[in-house]
> 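Structure provided below as structure tokens; questions to follow.
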Amino acid sequence: MNLKLQILRRESPDASPHWESYEYQAQNENASVASVLHDLNQKLDDPVRWECSCMQKKCGACAMVINHRPRLACDARLKEFNGEIKIEPLRKFPVIADLIVDRSILFENLKIMRIWFAEEAKTYGSEIAYQASRCLQCGCCLEICPNFYAGGTFFGMASMTLTARILTAVPEKQKQEICKAYRDHIYEGCGKSLACREICPAGIEIEHLLVNSNAVAIWKRKKHEI
Amino acid sequence: MGRMIIIGAGLAGLSASVTLAEQGFSCDLISLQNSERAQSVLAEGGINAALNTMGEQDQVQNHYEDTLRGGVYLADPNAVRNLTSHAPEIVRWLENLGVPFNMTDQDIMLRNFGGQKKKRTAYAQSSTGKIIMTAVIDEARKHEVSGKIRRYSHHELICLLIRDHICMGARIRDLYTGEIRDFFGIVLLCSGGMNGIFPGMTTGTTQNTGDVTAIAFRQGVELGNLEMLQYHPTTIGIYGKRCLVTEAARGEGGRLYIMKNQKKWYFMEEKYPELKNLMPRDVVSREMYMIRRECGGSVYLDMTGLSQETWQKKLSDLRQEIIYYLALDPASAPLPVKEGIHYFMGGIAVDEKHQTNIKNLYAAGECACQYHGANRLGGNSLLGALYGGRKAAEIILQNPEDISEKDVSGMISDFRPASPELIQKIGEILVSGLGIIRNAGDLEKALHQLESLKGSNFREENRIYLAKAMLLSALERKESRGAHYREDYPEKKEAFRKTTIAEFAQEIKITFREIPERRAEL
Ligand SMILES: Cc1cc2nc3c(=O)[nH]c(=O)nc-3n(C[C@H](O)[C@H](O)[C@H](O)COP(=O)(O)OP(=O)(O)OC[C@H]3O[C@@H](n4cnc5c(N)ncnc54)[C@H](O)[C@@H]3O)c2cc1C
Ligand code: SF4
Ligand code: SF4
Ligand code: FES
């Protein structure tokens with residue numbers, strides 16, 4: 001299978017980006033874009049800089065924009081494309097080089113929201129806590145979200161998921177604080193179009209988590225599993 | 001108290017940093033990428049602890065014995081005693097951090113895992129590592145905000161600052177800015193397994209390049225049991241790596257068979273009537289290899305007998321994954337599987353206190369050679385990473401050292417990566433010698449091939465030395481034990497019930513070290 005790859009490259013944060021084209025002979029249409037990047041780099045004198053780790057959709061490292069859609073390179077299989085693949089870095093985060101972006105804003109937002117259990121808390125096998133814990137912190141949902149921008153007060157679904165886990169068993173002493181953070185940084189900024197749900201590579205049932213978190217944090221329902 | 005520097009932010013590094021923070025101390029937590037990207041998130045099947053919630057009278061003593069037997073008596077019994085006796089407390093700690101383990105009506109549910117007769121493996125469906133990591137990362141965040149854990153993600157180790165067998169710190173490079181900085185203090189290595197030495201051939205992450213272990217070796221840190229590679233029996237080939245099919249698939253009822261005379265032969269059940277498909281991994285992998293040689297064709301994992309409920313509540317992620325990669329639903333069709341490199345029992349040699357042979361240098365987690373002997377039991381390495389990280393942190397606090405800026409002239413600054421061709425070449429040579437079945441001829445041939453390779457920078461040289469040390473360790477262990485099977489020495493020998501130690505000082509030296517005697521209980 002003959003592939004035409006276009007990659008938006010940039011040497012450093014200050015350099016200006018430019019497109020480069022590559023021809024690539026793929027062995028199999030089931031190969032992922034991640035494995036193509038990996039192979040391609042073996043042959044290039046100036047390898048494309050990108051981040052990867054698990055190569056199986058479980059770590060969120062390889063998020064990038066492929067044919068205008070934010071997704072994991074290891075989750076994008078060649079058979080989906082008709083031989084032409086256009087790859088860019090995520091646009092909502094500062095570019096470091098080529099396809100590497102600095103996603104530290106994701107982690108800074110979690111700190112601002114103080115997402116942790118302030119004291120011992122059991123979730124008793126909660127399905128919500130399980131689903132929420134699966135979030136990869138890949139940032140695809142933020143990329144697609146019309147309301148998120150780095151440095152804004154709206155933190156998006158990547159913060160909602162982890163808050164949802166805390167809300168399943170939130171200790172009394174922390175409740176007010178986390179509910180306020182949820183209202184300020186998630187509930188109030190979200191337009192509920194659920195574009196993020198469609199894009200989430202982990203297939204997290206975002207709507208389900210949202211309904212549950214709203215019930216606890218906004219409507220102050222006692223029962224947290226619906 | 002001086003500075004403490006932790007290299008690696010997987011489960012071991014997180015556990016160590018949280019332990020330090022809980023005691024009121026701060027540390028630098030350095031890693032190539034964020035914790036969310038560490039290999040620990042890949043763990044599927046579960047974590048072991050004799051919680052005895054399933055009415056099987058399980059006790060710490062059983063866990064202890066199974067771990068030692070599974071490791072074919074190559075592990076330090078005192079260290080294993082510590083590990084297994086703290087296991088219940090560690091899993092309860094996780095539960096209190098809000099990990100949603102699968103539950104019975106009242107308590108944490110346990111599943112069967114290989115090499116253990118009783119149900120002892122706590123789990124969160126088939127994504128245990130990810131779910132645990134989320135909770136532990138949240139816990140670490142609390143201490144990041146209070147300033148106790150200082151994170152340096154996207155940073156790599158260039159070299160350890162070692163002089164006269166004393167470690168003074170680590171030289172670190174920011175991968176985003178290129179800035180190089182020396183950190184002075186006690187160093188704890190939590191850098192994971194050596195996957196990158198076998199590129200594309202393991203179930204682990206590409207991030208664990210093996211460079212940290214190779215750097216440490218080159219700088220005089222002793223490595224132990226390098227020949228002990230774990231081949232996991234059930235993996236599938238996907239693009240760029242081997243993909244694991246968790247042992248939980250067999251723990252929940254999956255069966256291995258091969259076609260013999262046009263009939264399904266459930267060979268493990270016939271040969272090992274007690275533990276059947278759940279024999280330790282070394283045994284299952286070897287059997288599969290032999291049986292394929294005898295019957296030809298592929299070995300299949302048959303999960304078609306599992307109930308709908310098991311798929312939904314216990315293995316949902318696994319089923320999705322197999323459908324995605326193989327376009328085959330394991331609930332209705334058997335799955336062809338093969339052995340794949342999965343875990344490194346060997347690595348940086350440490351004592352029961354996680355101290356290396358270099359003063360002020362410690363190691364924990366998969367990078368360390370501890371707890372698992374000649375073969376690791378499934379579910380024991382998440383435990384080993386959590387407990388090992390904690391133990392190392394406690395010992396560091398008992399042996400404080402205030403290391404101020406020192407003379408670092410002559411220390412290495414070369415951070416050029418090894419070339420992809422060389423990495424590939426070394427990997428191919430190594431597997432040709434370090435397969436499931438080994439012999440002196442293959443090992444010597446592989447060594448000979450390595451002789452012809454020359455490194456052109458620090459990392460390339462290190463990699464070649466580490467690869468040689470692996471082959472030499474396997475050559476010197478003239479017996480068969482656990483993951484190391486020599487067809488020219490098929491018997492286990494008491495004289496080799498020792499740790500293989502590889503040391504680098506101008507050249508590679510292999511020796512054997514006595515395993516400590518079990519101390520009497522206090
Ligand atoms: C698919 C799979 C399934 C598994 N399932 C189970 C299971 O069910 N139960 C179980 O007990 N075990 C399981 N394991 C094994 C277990 O997950 C690992 O052994 C364990 O998580 C290792 O943790 P760690 O903290 O030692 O290392 P890792 O989680 O691998 O972390 C290593 C850290 O070191 C950093 N690092 C590496 N190199 C450098 C460098 N040069 N400079 C700076 N930092 C560096 C990395 O960035 C990372 O942060 C599984 C493993 C795999 C691959
Ligand atoms: S629902 Fe819409 S606005 Fe809300 S986080 Fe998702 S994409 Fe953004
Ligand atoms: S919610 Fe989904 S898309 Fe967003 S960060 Fe988590 S895994 Fe990625
Ligand atoms: S490399 Fe981990 S999600 Fe793609």
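Lettering follows sequence order; numbering is per chain, from 1. Here the structure is a predicted model, which is why all the values come from computation and not from measurement. Just so it is clear, the values below take in all heavy atoms, side chains as well, and ignore hydrogens, waters and symmetry mates.
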> Would you mind reporting whether Cys74(A) and Tyr239(B) have side-chain heavy atoms less than 4.5 Å apart?
no
> So what's closer than 4.5 Å to chain B heavy atoms on Asp39(A): side chain, backbone, both or neither?
neither
> Which bit of Ser53(A) comes within less than 4.5 Å of chain B, counting heavy atoms only: side chain, backbone, both or neither?
both
> Got Tyr324(B) and Asp75(A) here, is their nearest side-chain heavy-atom distance under 4.5 Å?
yes
> Quick one: of Ala31(A), Ala132(A), Ser35(A), who has the most non-hydrogen atom pairs under 4.5 Å with chain B?
Ala31(A)
> I need the residue from Lys57(A), Gln27(A), Arg49(A), Glu119(A) with the largest number of non-hydrogen atom pairs under 4.5 Å to chain B.
Lys57(A)
> If you count heavy atoms of other groups shown closer than 6.0 angstrom to NZ of Lys180(A), is the number above 12?
no
> With a 4.5 Å cut-off on side-chain heavy atoms, are Glu36(B) and Leu136(A) touching?
no
> Which heavy atom of Cys59(A) sits nearest a heavy atom of Val41(B), and at what distance?
CB-CG2, 4.3 Å
> Is the NZ atom of Lys425(B) crowded by more than 12 outside heavy atoms at less than 6.0 Å?
no
> Contact part of Ala34(A) toward chain B, heavy-atom cut-off under 4.5 Å: side chain, backbone, both or neither?
neither
> Heavy-atom distance under 4.5 Å to chain A: side chain of Leu175(B), backbone, both or neither?
backbone
> Using non-hydrogen atoms only, which part of Ile96(A) is less than 4.5 Å away from chain B: side chain, backbone, both, or neither?
side chain
> Could you tell me if the side chain of Gln137(A) sits less than 4.5 Å from the side chain of Asn34(B), heavy atoms only?
no
> Quick check for you: among Met109(B), Gln125(B), His154(B), Gln33(B), which has the greatest number of heavy-atom pairs under 4.5 Å with chain A?
Gln125(B)
> Less than 4.5 Å apart, any side-chain heavy atom of Gln56(A) and any of Glu321(B)?
yes
> Assess whether atom CD of Gln176(A) is packed by more than 12 heavy atoms of other residues, nucleotides or ligands within 6.0 Å.
no
> May I ask you to name which of Gln424(B), Arg141(B), Lys130(B), Arg151(B) has the most heavy-atom pairs under 4.5 Å with chain A?
Arg141(B)
> Should the heavy atoms of other residues, nucleotides or ligands under 6.0 Å from NE2 of His232(B) be counted, would the total exceed 12?
yes
> Between Thr203(B) and chain A, which part of the residue has a heavy atom less than 4.5 Å away: side chain, backbone, both or neither?
backbone
> Just wondering, do Leu162(A) and Asp138(B) contact through their side chains at under 4.5 Å, heavy atoms?
yes
> Less than 4.5 Å to any heavy atom of chain A: does that hold for the side chain of Ala327(B), its backbone, both, or neither?
neither
> Select one option (side chain, backbone, both, neither) describing which atoms of Phe101(B) are under 4.5 Å from chain A's heavy atoms.
backbone
> Measuring heavy-atom distances to chain A, does Ile238(B) have an atom under 4.5 Å in its side chain, in its backbone, in both, or in neither?
side chain
> Quick test of your reading of the model: are Glu44(B) and Lys58(A) salt-bridged, counting only N-O distances below 4.0 Å?
yes
> Which bit of Val95(A) is near chain B, if near means a heavy-atom gap under 4.5 Å: side chain, backbone, both or neither?
neither
> Which bit of Ile112(A) is near chain B, if near means a heavy-atom gap under 4.5 Å: side chain, backbone, both or neither?
neither
> Can you name the nearest heavy-atom pair linking Thr134(B) to Ser133(A), along with the distance?
OG1-O, 2.7 Å
> Could you walk me through whether Trp116(A) and Leu97(B) pass the side chain to side chain contact (heavy atoms under 4.5 Å, CB included) test, one step at a time?
CA-CA 9 Å; Trp116(A) 56 73; Leu97(B) 293 183; over 6 Å; no
> So, do Phe117(A) and Lys142(B) sit near enough that their side-chain heavy atoms are less than 4.5 Å apart?
no
> Which residues in residues 313-320 of chain B have a heavy atom less than 4.5 Å from any heavy atom of chain A?
Asp317(B)
> For residues Pro420(B) and Gln42(A), report the shortest heavy-atom separation together with the two atoms involved.
CB-OE1, 3.2 Å
